[in-house]
Engineer: 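The following block contains the structure, expressed as C-alpha cells.
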There are 4 protein chains.
Amino acid sequence: MVKSRLEAFSDGVIAIIITIMVLELKVPHGESLDALEPLIPVFLSYVLSFVYVGIYWNNHHHMLHAVRNVTGAILWANLHLLFWLSLFPFATGWMGENHFAAAPSALYGFVLLMAAIAYWVLQQLVIAAQGPDSLLKKAVGNDCKGKASPFFYLAAIAAAFWWQWISQCLYVLVALLWLVPDRRIERVLTGEES
Amino acid sequence: MVKSRLEAFSDGVIAIIITIMVLELKVPHGESLDALEPLIPVFLSYVLSFVYVGIYWNNHHHMLHAVRNVTGAILWANLHLLFWLSLFPFATGWMGENHFAAAPSALYGFVLLMAAIAYWVLQQLVIAAQGPDSLLKKAVGNDCKGKASPFFYLAAIAAAFWWQWISQCLYVLVALLWLVPDRRIERVLTGEES
Amino acid sequence: MVKSRLEAFSDGVIAIIITIMVLELKVPHGESLDALEPLIPVFLSYVLSFVYVGIYWNNHHHMLHAVRNVTGAILWANLHLLFWLSLFPFATGWMGENHFAAAPSALYGFVLLMAAIAYWVLQQLVIAAQGPDSLLKKAVGNDCKGKASPFFYLAAIAAAFWWQWISQCLYVLVALLWLVPDRRIERVLTGEES
Amino acid sequence: MVKSRLEAFSDGVIAIIITIMVLELKVPHGESLDALEPLIPVFLSYVLSFVYVGIYWNNHHHMLHAVRNVTGAILWANLHLLFWLSLFPFATGWMGENHFAAAPSALYGFVLLMAAIAYWVLQQLVIAAQGPDSLLKKAVGNDCKGKASPFFYLAAIAAAFWWQWISQCLYVLVALLWLVPDRRIERVLTGEES
C-alpha cells in the first residue's frame with residue numbers, strides 16, 4: 001500500500017519534471033526555419049536532460065521493485081532525490097540558453113552530482129532496510145557505475161571553466177554508460193522469484 | 001507490477017502534455033470578443049493536437065494491454081515515443097501563432113512523423129517480446145493505417161512549402177482515419193479472453 | 001484494467017487543470033499588501049473554477065464507479081469532457097484579469113455549458129453501455145440538476161452583456177447546487193452491493 | 001476503490017504543486033555565476049516550501065492509510081486542503097522575489113495557517129467517520145504538534161511586520177518539528193495489523 005503510493009507520487013513528480021523541461025523551448029516569434037536556429041542548444045540540452053531523467057526513472061523503478069517495507073527515512077530520502085531532480089529544468093534551461101557557457105555547465109554538473117548522491121543515499125537506506133541478505137545489495141554488486149559517476153561529474157564541473165566542450169562530452173558519456181538498462185537488478189530479482 | 005508503473009508513468013506524461021498545450025492559448029489583454037480573434041488559429045491547432053494526443057493515448061493503452069512482460073528495450077522505446085509527444089506543445093504553439101505558415105506546418109508534420117515512427121518501433125518490440133504467436137501481431141494485422149500515416153505526413157511536409165492548406169487538410173484527414181478506435185486489438189483480445 | 005487506466009488518466013488531467021489554473025495568479029512585483037489588490041478578481045475566479053473542477057472530479061468519480069465495461073465511445077466522450085475542462089484555466093484567467101467584464105463572463109459561461117453537455121453525453125453513453133436495467137440510470141433518476149444547469153448557464157451568458165453581476169451570481173448558484181455531493185449514485189450503488 | 005482514487009488524485013495535485021513551485025526559479029539572462037545571486041532568496045523559499053509540501057504529502061499519506069470509508073464530506077475537506085496547498089507556489093514566489101519582505105512573509109504564514117486548519121478539519125472528519133474507537137484518534141493522541149503549529153504561524157504573521165527574520169525562523173522551526181515523520185500513526189496501525 002505505502003510502497004505503491006510512493007511509486008505513484010515519484011512517477012507523478014518525475015513525469016512532470018520531464019515534461020516541464022520542454023517549456024524552456026519557448027515558441028520563437030519568426031515563422032521561418034531560421035527562427036529555430038537559436039533554439040538548437042536549448043533543444044540539445046533538453047534531449048540530454050530527458051535522457052538523464054529517463055535513466056533516473058528507469059533505475060528508480062528497478063530499485064523500488066526491490067523494496068519490501070517503506071520506512072520514514074526512505075520516504076524522505078526519496079523526496080530528497082526528487083528535490084534535486086526538480087532542479088533539472090532550471091539547470092537545463094540556463095545551460096541551453098547560454099550555449100553551454102562555463103558557469104551554467106558547471107551548475108548542470110553540480111545538480112547531476114547532487115542527484116547522484118541523493119540516489120546513492122536512497123539506495124543505502126533501501127539496502128539497510130532489507131537487512132543482511134539484502135536482495136538489492138546483491139543486485140547492485142560492487143556498483144561501479146554508481147561509484148564512478150560522481151567523479152565524472154566532478155571532472156566535468158572543473159573542466160567547464162577551461163574547456164566547456166569536455167564537460168559536455170563527459171555528461172553525454174555518463175548518460176551513455178547508464179543507458180544500458182540496469183540488468184543486474186532485473187536478473188537477481190528474476191532469479192529470486194523463479 | 002513493472003507494467004502498471006509503465007502505464008502510470010506514460011499516462012502521467014501524456015496527461016501533462018495534453019494539458020500544457022493549452023498554456024499556449026495565452027489570455028488576451030483586451031476584454032472584448034475581438035481580442036479572441038487572433039487566438040483562433042492557436043485554438044484550432046490546439047484542437048488538432050488534442051485529438052492527436054488523444055489518439056496516441058487510446059492506442060498506447062490498447063497496445064500496452066497486450067504486453068505481458070516489459071523488457072528494458074520496451075521501456076526505452078516507450079520513453080522515445082514520449083519524447084516526440086513532448087514536442088507537440090512546442091510544434092502546436094509555433095504553428096498556431098504563425099497562422100499555419102510554411103515552416104511551422106512542416107515542423108508539425110515532422111514531429112507527427114517521428115512520433116509515428118517511435119510508435120511503430122515500440123509496437124515491433126512488443127510483438128518481438130511476445131514471440132511467434134504474438135497476440136498484438138494478430139490484432140494489428142497488416143496495419144494499413146500505421147503504414148500509410150508516415151507517407152501522409154511526408155506529403156504534408158512537402159506540401160507545407162507550396163500549399164499550406166493542403167498539409168493542414170492532410171493532418172486532419174489522418175486524425176480522422178485514426179479517430180475510429182482501434183477495434184482490431186480490442187476484438188482479438190476479447191476473443192482470446194473468452 | 002481498462003477502467004482503472006481511464007480513471008488514472010482522467011485524474012491526471014483534472015489534477016493538472018486544477019493546478020495550472022493557479023498559474024494565472026501571477027506573482028505581483030510590489031512587496032506591499034496593496035500589490036495584491038488587483039489580484040482579487042483573479043483570485044475569486046480561481047476559487048469559483050476550483051470549486052467547479054472539484055465538482056466535476058467528484059461526479060466523474062461517482063459516474064465511473066458505476067461503469068462496468070469501457071467502450072471506444074466512452075473513451076472519446078471522456079476525452080471530449082476533458083477537452084472542455086482544459087479550457088477552464090484560459091476562461092478563468094480571462095474573466096479574472098478583466099474584472100468580470102461582459103465578453104469574458106459570457107465565454108466562461110460558454111465553456112461551463114459545453115462541459116455540462118460533454119458530461120451529459122458521457123453519462124448517456126455509460127447508461128447505454130449498461131443496458132436496460134442500468135444502475136447509473138436508476139442512480140441519476142430524473143437528473144434535475146443536470147438538466148437545469150445548461151439553462152442557468154445560457155441565462156448567465158445572456159445576462160453577461162447587460163448585468164454582469166447577475167451572471168456571476170448564477171455561476172455561484174449552480175456551483176452551490178452541485179456542491180451537495182451526488183448522494184443518489186452513492187446510495188443506489190451501496191444498496192446494490194449490500 | 002473510492003479511496004485509491006482519492007489518493008491518486010491527491011498525489012497528482014501535490015506532485016504538480018511541488019513541481020510547479022520550481023517554475024518561480026526563472027532562468028537568469030546572464031551566464032556568470034553572479035547571475036544566480038538574486039535567485040538565492042527565491043531558491044531558499046523554494047527549499048522551505050518543498051519541505052512543507054513534502055511534510056503534507058507524508059502526513060496525508062499516513063492519514064489516508066487509516067481511512068476505511070470515504071464520505072462526501074471527506075472528499076470536500078480533502079479538496080479544501082488541496083486548495084490551500086495550491087496557493088503555496090504563489091506565496092512562495094512572492095516571498096522569494098521580495099527577499100522575505102513583511103507583507104509577503106505574512107501572506108506565506110497565512111497560507112500555512114489555512115492549510116494547517118484544512119488539514120485539521122480533514123483529520124476530524126476522518127476520525128468522526130471511523131466512529132468511537134477510531135484508530136486515527138488513538139494514533140494522533142493529544143496531537144501537540146497539530147495544535148501548536150497554528151499558534152507558531154500566527155506569531156510568525158505578527159512578527160513579519162516588525163522583525164521579518166523571526167517569522168522566517170519560526171517557519172523553519174515548525175518545518176523541523178514536523179520533519180520527524182509521524183511515527184505515531186505508523187506505530188498504532190502496525191500494532192493493529194499484527
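Model, not experiment: these values are computed from the prediction. Letters A, B, ... are given to chains in the order of the sequence lines, protein chains preceding strands, and every chain is numbered from 1.
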Engineer: Under the criterion side chain to side chain contact (heavy atoms under 4.5 Å, CB included), I'd like the reasoning laid out for D:Glu97 against D:Lys26: C-alpha separation, chi angles, the key distance, then a yes or no.
Structural biologist: CA-CA 10 Å; D:Glu97 270 186 31; D:Lys26 304 247 167 63; 4.1 Å; yes

Engineer: Which atoms of C:Leu23 are under 4.5 Å from chain D, going by heavy atoms: the side chain, the backbone, both sets, or neither?
Structural biologist: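 Contact with chain D involves the side chain of C:Leu23 alone.
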
Engineer: Quick check: C:Trp165 with C:Phe100 (ring centres under 6.0 Å apart)?
Structural biologist: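 For C:Phe100 and C:Trp165, the ring centres are under 6.0 Å apart.
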
Engineer: Using non-hydrogen atoms and a 4.5 Å limit, figure out which bit of D:Ile17 sits close to chain C: side chain, backbone, both or neither.
Structural biologist: both

Engineer: Using the side chain to side chain donor-acceptor pair (under 3.5 Å) rule, pick out the option among C:Gln168, C:Gln164, C:His99 that qualifies with C:Ser105.
Structural biologist: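 Result for side chain to side chain donor-acceptor pair (under 3.5 Å) with C:Ser105: C:Gln168.
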
Engineer: Most heavy-atom pairs under 4.5 angstrom with chain C, which of D:Asn98, D:Leu85, D:Val13, D:Leu107?
Structural biologist: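 Ranked by heavy-atom pairs under 4.5 Å with chain C, first place is D:Asn98.
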
Engineer: In terms of heavy-atom proximity below 4.5 Å to chain D, should C:Leu64 be classed as side chain, backbone, both, or neither?
Structural biologist: side chain

Engineer: Examine whether an atom of C:Ala8 lies under 4.5 Å from a heavy atom of chain D, and if so say whether it belongs to the side chain, the backbone or both; otherwise answer neither.
Structural biologist: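 Neither part.
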
Engineer: Evaluate the ring planes of D:Tyr108 and D:Phe88, with Trp represented by its six-membered ring, and classify them as parallel (under 30°), tilted (30 to 60°) or perpendicular (over 60°).
Structural biologist: tilted

Engineer: With a 4.5 angstrom heavy-atom cut-off, is it the side chain or the backbone of C:Ser32 that approaches chain D, or both, or neither?
Structural biologist: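 Just the backbone, heavy atoms under 4.5 Å.
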
Engineer: Is the ring pair D:Phe83/C:Tyr46 parallel, tilted or perpendicular, if the boundaries are 30 and 60 degrees?
Structural biologist: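 Parallel: the ring planes of D:Phe83 and C:Tyr46 meet at under 30°.
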
Engineer: Give, as side chain, backbone, both or neither, the part of D:Leu79 having an atom under 4.5 angstrom from any heavy atom of chain C.
Structural biologist: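 For D:Leu79, the contact with chain C is made by backbone and side chain together.
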
Engineer: Pick one of side chain, backbone, both or neither for C:Leu25, based on which atoms fall under 4.5 Å of a heavy atom in chain D.
Structural biologist: both

Engineer: Applying side chain to side chain contact (heavy atoms under 4.5 Å, CB included), run through C:His60 and C:Asn78 and close with a yes or a no.
Structural biologist: CA-CA 9 Å; C:His60 185 264; C:Asn78 190 58; 2.8 Å; yes

